[in-house]
Peer 1: 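One structure, pasted below without further comment.
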Amino acid sequence: MKAKSAVQDNQYTRVADYYAGKSVFITGATGFLGKLFIERLLYNCKDIETIYILIRSKKGEGVEKRLQNIFDVPIFEKLKEVRPNDLKKVIAVEGDVTSPGLGIKDKDEQKLIDQVSVVFHSAATVRFADPFKTVMTVNFEGTRKVMDLAKNMKKLDTFAYISTAFSNAPRVAIDEKIYPPIKNLDEVSHFIQKYGTDEEKIGEFIGDHSNTYALSKVLSEHLVNEYRGKMPSIIIRPSVVGPILHEPLKGWTDNWVASTATFSNVARGLISMQYGSRDTVCDIIPVDYVTNFAIVAAARGKIVCRTDDVLVYNICTSSQNPITWRRASDLFLEESRKHGFCKRKAHNISFSMSPVTIEIVTLFRNTIPCLVADVGLIARGKKPWNTKEHLRAIWLRNLLIPFSVASWYIKCNKALSVISSLDDYDKKTFPCDPNSIKWREYLPIYCRGVKEYLLKDKCK
Ligand SMILES: NC(=O)c1ccc[n+]([C@@H]2O[C@H](COP(=O)([O-])OP(=O)(O)OC[C@H]3O[C@@H](n4cnc5c(N)ncnc54)[C@H](OP(=O)(O)O)[C@@H]3O)[C@@H](O)[C@H]2O)c1
């Protein structure tokens, strides 16, 4: 086991003090969670030494340009006002989790090995429709490569793997533990190579898992567990991650996660019925709660729960402060009506398990009105868009069926005990208690954030 300075600390160490003088390494830093990890660490842990971030070149943009793009996101405005020079603490490391050795240059690798105390491994493909081989290569094999680097880090206190609360979705009640392995991990790698594009074999391989993504995440958890003893690790399992609730910018999001797409499609009159029942719980957690919690857990998790085993923390709402899809969608819709999301009538969401009922209701409430709206646009010489977006909303609704028809009871007692171990200052600086979310306050913020940062001029 590597250095464990945090574990030996018996006195209360503030979270920012823990990070003072330390360097962290973040994968997935250009993503939704990743950007907020950078911002929250810089803003709240002002003496942090360096934040190394893994970035690949993409769509003709090199890593330095992509690094600058991160800072152009409005969540960094507050930091730029108070300590603009702190952005220089962020160092881009060129690499790709699918390349051998992460594709990192030797001199960069040595810096990471010598300096990094905490790794937040957040890189993943979260697109449910991506091919099996892509998902497994990025999410599963990529995790192995990041751990192979992390296990050599001389100062490593914590390797934090960002998983998902739905990694064990075949179970209805999900505890904060690693469940027994479902596959031999060496055979998984072999399967990806040999049958990665064989649809029939892939179907059998996925079995009763919700989709390839969820399977890739649970297998990665087992991989993290397999490395226990080689490095101190924690697993953070967020549920469906929504826009920022508090800081640094209420409502900010750049991610079309399941609930965001569903609520906005309802508010835009593109769908109005979903598979499931009116009582199905939608486990949403604001993105600032997830990043705050991960930052806190990496600093304090091993202090609160002294064990060499991998610690698992679920950061979610269903067991503590649940809300149903129906109520959340209604609160979002109520707010959207004040902001002109849609000229057509947008109906409150309803539920059924009958495909025939869903198709008939959708035809009259959404398909025909969308077609009529498009005819009107064409008649006025404008480009039609309603039917196209309506069909996309239906495609997405169907893709999300495994998550809309079932309720999960996802326990988070261990996460709560880490949160309750914080002093008042840290509780205020890193809000992350799921019990503190007031849905009537959050859903309107959610709605305004989606309009401002995602839909922009698409509300018509
Ligand atoms: N969003 C949610 O609701 C949610 C819920 C539960 C768990 N999670 C987990 O949280 C983590 C972050 O999710 P997110 O919502 O932030 O996703 P995201 O916005 O799609 O970001 C994904 C990140 O992974 C990076 N990435 C993908 N492939 C890569 C590769 N081959 N090499 C290097 N980096 C690569 C992306 O980089 P590029 O910009 O270069 O593509 C991006 O930075 C994931 O592990 C996800 O499973 C998310």
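Both ligands and their constituent atoms are indexed starting at 1 by order of listing. The first residue of the sequence shown is numbered 1, and numbering continues consecutively from there.
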Peer 1: For atom 2 (C) of ligand 1, tell me which residue out of Val241, Ile285, Thr134, Val63 has the closest non-hydrogen atom.
Peer 2: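 Nearest option to atom 2 (C) of ligand 1, by heavy atoms: Val241.
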Peer 1: What I want to find out is whether Arg144 reaches Glu141 closely enough, with some N-O distance under 4.0 Å, to be called a salt bridge.
Peer 2: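 Yes, charged N to carboxylate O under 4.0 Å.
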Peer 1: Does ligand 1 have a heavy atom under 4.0 Å from the side chain of Asn255, from its backbone, from both, or from neither?
Peer 2: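 The part of Asn255 near ligand 1 is the side chain, not the backbone.
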Peer 1: Search all heavy atoms of Arg66 against all heavy atoms of Arg56 and return the closest pair with its distance.
Peer 2: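 Minimum heavy-atom contact is NH1-O, 2.9 Å.
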Peer 1: Report the nearest protein non-hydrogen atom to atom 28 (N) of ligand 1: residue, atom name, distance rounded to 0.1 Å.
Peer 2: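 Protein heavy atom with the smallest distance to atom 28 (N) of ligand 1: Arg56 NH2, 3.2 Å.
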Peer 1: Going by the atom numbers of ligand 1, which of them fall below 4.0 Å from some non-hydrogen atom of Val257?
Peer 2: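 Listed by number with element, the hits are 2 (C), 3 (O).
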Peer 1: Is Gly95 close to ligand 1, meaning an N/O of one under 3.5 Å from an N/O of the other?
Peer 2: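 It does not: no N or O of Gly95 is found under 3.5 Å from an N or O of ligand 1.
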Peer 1: Tell me if the aromatic rings of Phe263 and Phe341 count as close, with their centers under 6.0 Å from one another.
Peer 2: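 No - the distance between ring centres of Phe263 and Phe341 does not fall below the 6.0 Å cut-off.
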Peer 1: When you measure from atom 31 (N) of ligand 1 to every protein heavy atom, which one gives the shortest distance, and what is it?
Peer 2: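 Among all protein heavy atoms, the one nearest atom 31 (N) of ligand 1 is Asp96 OD1, 2.7 Å.
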Peer 1: Just by distance, no angles: are the side chains of Tyr446 and Ser259 close enough, under 3.5 Å, to form a donor-acceptor pair?
Peer 2: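 Side-chain D/A pair, Tyr446 to Ser259: present.
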Peer 1: Does any N or O atom in Thr164 lie less than 3.5 angstrom from one in ligand 1, N or O only?
Peer 2: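 There is no such contact.
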Peer 1: Nearest protein heavy-atom contact for atom 32 (N) of ligand 1: which residue, which atom, what distance?
Peer 2: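 The protein heavy atom lying closest is Val97 N, 2.9 Å.
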Peer 1: Which bit of Ala258 gets closer than 4.0 Å to ligand 1, counting heavy atoms only: side chain, backbone, both or neither?
Peer 2: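 Neither; no heavy atom under 4.0 Å.
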Peer 1: Report the nearest protein non-hydrogen atom to atom 34 (N) of ligand 1: residue, atom name, distance rounded to 0.1 Å.
Peer 2: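 The closest heavy atom on the protein side is Ala123 CB, 3.8 Å.
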Peer 1: Drop me the distance from Asn265's CG to Leu270's CG, to the nearest 0.5 angstrom.
Peer 2: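 If I round to the nearest 0.5 Å, the distance is 5.0 Å.
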Peer 1: By number and element, which atoms of ligand 1 are closer than 4.0 Å to a non-hydrogen atom of Lys217?
Peer 2: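 Heavy-atom distances to Lys217 below 4.0 Å select 44 (C), 45 (O), 46 (C), 47 (O).
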Peer 1: Can you name the atoms of ligand 1, numbered from 1 with element, that are less than 4.0 Å from a heavy atom of Arg66?
Peer 2: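 Those qualifying, in numeric order: 38 (P), 39 (O), 40 (O).
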Peer 1: With heavy atoms of Thr98 as the reference, note each atom of ligand 1 found under 4.0 Å away.
Peer 2: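 Taking each heavy atom of Thr98 in turn, ligand 1 has 31 (N) under 4.0 Å.
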Peer 1: Do Tyr52 and Gln115 have side-chain atoms, one donor and one acceptor, less than 3.5 Å apart?
Peer 2: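 Yes, a side-chain donor-acceptor pair sits under 3.5 Å.
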Peer 1: Going by distance only, is there an N or O of Phe32 that falls short of 3.5 Å from an N or O of ligand 1?
Peer 2: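 Yes; the residue has a nitrogen or oxygen that sits under 3.5 Å from a nitrogen or oxygen of the ligand.
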Peer 1: Would one find an N or O of Pro238, backbone or side chain, under 3.5 Å from an N or O of ligand 1?
Peer 2: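 Between Pro238 and ligand 1 (N or O atoms, distance only) the closest approach is not under 3.5 Å.
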Peer 1: At what distance is the nearest protein heavy atom to atom 21 (O) of ligand 1, and which residue and atom is it?
Peer 2: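 Looking at atom 21 (O) of ligand 1, the protein heavy atom closest to it is Gly31 CA, 3.3 Å.
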Peer 1: May I ask you to list the atoms of ligand 1 that are less than 4.0 angstrom from any heavy atom of Lys58?
Peer 2: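 Checking each atom against Lys58, I get 38 (P), 39 (O), 40 (O), 41 (O).
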Peer 1: Evaluate the side-chain hydrogen bond (donor to acceptor under 3.5 Å, both in side chains) criterion for residues Tyr179 and Ser167: first the C-alpha distance (whole Å), next the side-chain angles of each, then the deciding distance (0.1 Å), finally the verdict.
Peer 2: CA-CA 10 Å; Tyr179 287 97; Ser167 55; over 6 Å; no
Peer 1: Counting only nitrogen or oxygen atoms and a 3.5 angstrom limit, does Ala124 reach ligand 1?
Peer 2: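 Yes; at least one N/O pair falls below 3.5 Å.
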Peer 1: Check whether the ring centres of Phe191 and Phe132 lie less than 6.0 Å apart, and answer yes or no.
Peer 2: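 Yes: the rings meet the under 6.0 Å criterion.
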Peer 1: Would Val240 count as being in polar contact with ligand 1, using the rule that some N or O on each side must be under 3.5 angstrom apart?
Peer 2: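 So ligand 1 has no N or O lying under 3.5 Å from an N or O of Val240.
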Peer 1: So, is the end of the Lys230 side chain (NZ or CZ) under 6.0 Å from the ring centre of Tyr227 and within 45° of the ring's axis?
Peer 2: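 Yes, a cation-pi geometry holds between Lys230 and Tyr227.
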Peer 1: Looking at every non-hydrogen atom in both residues, tell me the closest pair between Asn292 and Cys432 and how far apart they are.
Peer 2: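 That would be CB-CB, 4.1 Å.
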Peer 1: Please confirm whether Thr125 comes within less than 3.5 Å of ligand 1 when only nitrogen or oxygen atoms on both sides are compared.
Peer 2: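 No, there is no polar N/O contact under 3.5 Å.
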Peer 1: Indicate, with yes or no, if the rings of Phe351 and Tyr275 have centres closer together than 6.0 Å.
Peer 2: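 No, they do not, as the ring centres are separated by 6.0 Å or more.
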Peer 1: Quick test: of every protein heavy atom, which one is nearest to atom 20 (O) of ligand 1, and how far off is it to 0.1 Å?
Peer 2: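 Its nearest protein heavy-atom neighbour is Val126 CG2, 3.6 Å.
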Peer 1: Compute the centroid of each ring, for Tyr313 and then for Phe293, and state whether the two points are separated by less than 6.0 Å.
Peer 2: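 Yes, close enough.
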Peer 1: What do you reckon, does Gly28 have a nitrogen or oxygen under 3.5 Å from a nitrogen or oxygen of ligand 1?
Peer 2: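 Yes; the residue has a nitrogen or oxygen that sits under 3.5 Å from a nitrogen or oxygen of the ligand.
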Peer 1: Please identify which atoms of ligand 1 are closer than 4.0 Å to at least one heavy atom of Val138.
Peer 2: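 Within the 4.0 Å cut-off of Val138, ligand 1 contributes 28 (N).
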Peer 1: Tell me the contacting part of Thr30 for ligand 1: side chain, backbone, both, or neither, using a 4.0 Å heavy-atom threshold, strictly below.
Peer 2: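 Both the backbone and the side chain of Thr30 come within reach of ligand 1.
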Peer 1: Give the residue and atom name of whichever protein heavy atom lies nearest to atom 7 (C) of ligand 1, and the separation in Å to one decimal.
Peer 2: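 Here the nearest protein heavy atom works out to Ser163 O, 3.0 Å.
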Peer 1: Could you label the plane-to-plane angle of the Tyr161 and His121 rings as parallel, tilted or perpendicular, counting under 30° as parallel and over 60° as perpendicular?
Peer 2: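 It falls in the tilted class, 30° to 60°.
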Peer 1: Examine the proximity of ligand 1 to Tyr213 and report which part, side chain or backbone, both or neither, has a heavy atom under 4.0 Å away.
Peer 2: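 Contact part for Tyr213 vs ligand 1: side chain (C-beta onward).
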Peer 1: Can you tell which part of Arg127 has a heavy atom less than 4.0 Å from ligand 1: side chain, backbone, both or neither?
Peer 2: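 Arg127 to ligand 1: no contact under 4.0 Å from either part.
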Peer 1: Going through the checks in order, is the salt bridge (charged side-chain N to carboxylate O under 4.0 Å, His left out) test met by Glu176 and Arg237?
Peer 2: CA-CA 9 Å; Glu176 291 166 294; Arg237 293 192 189 132; over 6 Å; no
Peer 1: Apply the side chain to side chain donor-acceptor pair (under 3.5 Å) test between Lys35 and each candidate in Asp254, Thr291, Thr30, Asn69; give the one that qualifies.
Peer 2: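 One option only clears the test, and that one is Asp254.
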Peer 1: Got more than 12 heavy atoms from elsewhere within 6.0 Å of CG, Asp72?
Peer 2: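 It does: Asp72 CG has more than 12 such atoms within range.
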Peer 1: With a cut-off of 4.0 Å, which atoms of ligand 1 are near a heavy atom of Ser122?
Peer 2: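 Answer for ligand 1: 11 (C), 12 (C), 44 (C), 45 (O).
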Peer 1: With a 4.5 Å cut-off on side-chain heavy atoms, are Ile26 and Leu41 touching?
Peer 2: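 Answer yes - side chains close enough.
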Peer 1: Show me which atoms of ligand 1 lie under 4.0 Å from any heavy atom of Ser239.
Peer 2: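 By the 4.0 Å cutoff, the relevant atoms are 5 (C), 6 (C).
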